[in-house]
2 protein chains.
Amino acid sequence: MSLPHAILTALLEKPSSGLELTRRFDRSIGYFWQATHQQIYRELGKLEQAGHIRVLPSRQPTRGQRKEYEVLPAGREELASWVDRREEPRAVRDPLLLRLRAAAATGGGADLDEELRRHLLLHRQQLAAYREIERRDFPPERRVSREDRLRHVVLRGGIELESFWIAWLSDTLSELADGPGEPDGVRPDATADGA
Amino acid sequence: MSLPHAILTALLEKPSSGLELTRRFDRSIGYFWQATHQQIYRELGKLEQAGHIRVLPSRQPTRGQRKEYEVLPAGREELASWVDRREEPRAVRDPLLLRLRAAAATGGGADLDEELRRHLLLHRQQLAAYREIERRDFPPERRVSREDRLRHVVLRGGIELESFWIAWLSDTLSELADGPGEPDGVRPDATADGA
DNA sequence: GATGGTTTTGCAACAAAGTGCAAAATGAAG
DNA sequence: CTTCATTTTGCACTTTGTTGCAAAACCATC
């Protein structure tokens, strides 16, 4: 539902071929909306048919030939109207939270800790990547344009989301680590069944 | 991918009919994984065929007749093995962040503020709901079971996620509010083209 | 005991997202 | 100039999620 808009945004920032778009979805845009090259090509086709984008230069062979796309006025308008639309906040839908709940229900999840630590590491790496981008692209300046501010707050969103995960994972690990505290007063010490 | 596991978890916590499950997906479980009743019935059918759950008592008419499901050992095992599986952290995929970026690209988004404030309100309400659940279900006690701890950290996850959104939305609103600061030194005052 | 509303279950069609695979062009190596 | 790997594009299939609608049971009322 948002993929076409993600693509329009990317193409507005810079006209690109399908492959370039794919690469850009592995960086910037993709940090907030992922897509494989297959999805992208499919959507490019639809957007072209809808008259929202067009192929840039001359050659028009069918396959294997690079095609650069640019956004047409209709596409820009569609994107602008999407921006102004009202949409309900996306509800949380996270498998990890669900898995913890399932662990509570089954009484299992012996080595959840390892998985949590693994996620913690990954989120730390992602946070570092975002911080690096912020350092590079948003040096502390006054008088920045509205556009720059928008891009910056989006990045801040990514940064704070990663920070949230890191904090939550850390809390969760320590909460599950100290004193498994069984309901019946049993104090299982180092036995591996704390999980 | 996770829906069957969400259902198994819910049924482990308490055997239910499709309709009861639907209601429970509007509360607890649904806070982390949403599903409509149609999805739920479809999935119940699959889970039954897979031998993961079964209809509880006697009557077996076809339609309109209430059916209570319970989890079978095979279902519990499937769930437990899912808990122990490794899964990559789910990447961020949020339309609102994307929309801000689109606003930067189109130069539009005149009344984004209103939408941001609306989301802020909704997240505050959700946070209040979570806090209420926490107050009711997790009074400050020592010696809680591992299961309770798990359920509690999941709820904390929800609470902190909502807190993140509230903080980010507030920051974003104030960042976009003060001095639109155009790049060329132009200071557009109340003119609506700040967007 | 027919009628009409509500509850509970479910099918069917569609839309969006994810995966596997291959065709046309391009370029390098023998 | 043939062969082979690589680049770029794209089709086809599958799964997952969403929406619209309806059938069977159940319940009340006339």
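Protein chains get the first letters and strands the later ones, always in sequence-line order, with residue 1 at the start of each.
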Worksheet, complete the sentence: Side-chain contact check for A:Trp33: nearest option of C:dC21, C:dA17, C:dT9 is C:dA17
Fill in: B:Ile40 CD1 - D:dT16 C1' separation (whole Å)
14 Å
Fill in: Atom-pair distance (NZ on B:Lys67; C1' on D:dA23), nearest Å
14 Å
Item to complete: Specify the separation, in whole Å, of atom CD1 of A:Ile7 and atom P of C:dA17.
Response: 10 Å
Worksheet item: If only side-chain N and O atoms of B:Arg23 are considered, is one of them under 4.0 Å from the OP1 or OP2 phosphate oxygen of C:dT7?
Response: no
Worksheet item: The side chain of B:Gln39 lies closest to which of these nucleotides: D:dG17, C:dT19, D:dT9?
Response: D:dG17
Worksheet item: Is the A:Phe138 ring parallel, tilted or perpendicular to the A:His152 ring (thresholds 30°, 60°)?
Response: parallel
Item to complete: Classify the nucleic acid contact of B:Thr22 as base, sugar-phosphate or nothing, counting any heavy atom under 4.0 Å across all strands shown.
Response: nothing
Worksheet entry | Side chains of B:Glu87 and A:His119, donor plus acceptor under 3.5 Å | no
Discussion item. Consider side chain to side chain contact (heavy atoms under 4.5 Å, CB included). Of B:Val71, B:Leu11, B:Leu72, B:Ile7, which one does B:Leu47 pass it with?
Written reply: B:Ile7
Worksheet item: In whole angstroms, how far is the P atom of C:dG20 from the NE2 atom of A:His37?
Response: 11 Å
Worksheet entry | Interatomic distance where CD belongs to A:Glu68 and P belongs to D:dT9 [whole Å] | 9 Å
Worksheet item: Whole-Å distance between D:dT16 C1' and A:Met1 CE?
Response: 14 Å
Worksheet item: With sequence neighbours excluded, what pairs up with B:Leu98 under the side-chain contact (heavy atoms from CB on, under 4.5 Å) test?
Response: A:Ser2, A:Ala6, A:Trp33, A:Trp82
Discussion item. If you assign each of A:Arg42 and B:Ser17 to its closest nucleotide in DNA chain C, which residue comes earlier from the 5' end?
Written reply: B:Ser17
Worksheet item: What is the distance from CD of A:Gln34 to P of C:dA16, rounded to the nearest Å?
Response: 17 Å
Worksheet item: Taking OP1 and OP2 of C:dG10, is either one under 4.0 Å from a side-chain nitrogen or oxygen of B:Gln38?
Response: no
Worksheet entry | Nearest-neighbour nucleotide for the A:Leu19 side chain, D:dT19, C:dT19, D:dT9 considered | D:dT9
Practice prompt. Answer yes or no: is there a side-chain heavy-atom contact under 4.5 Å between A:Arg124 and A:Ile166?
Written response: yes
Item to complete: Take A:Arg93 and A:Tyr41, find for each the nucleotide of DNA chain D with the closest heavy atom, and name the residue whose nucleotide sits nearer the 5' end.
Response: A:Tyr41
Worksheet item: How close or far is atom P of D:dT9 from atom CG of A:Leu44, stated in whole angstroms?
Response: 9 Å
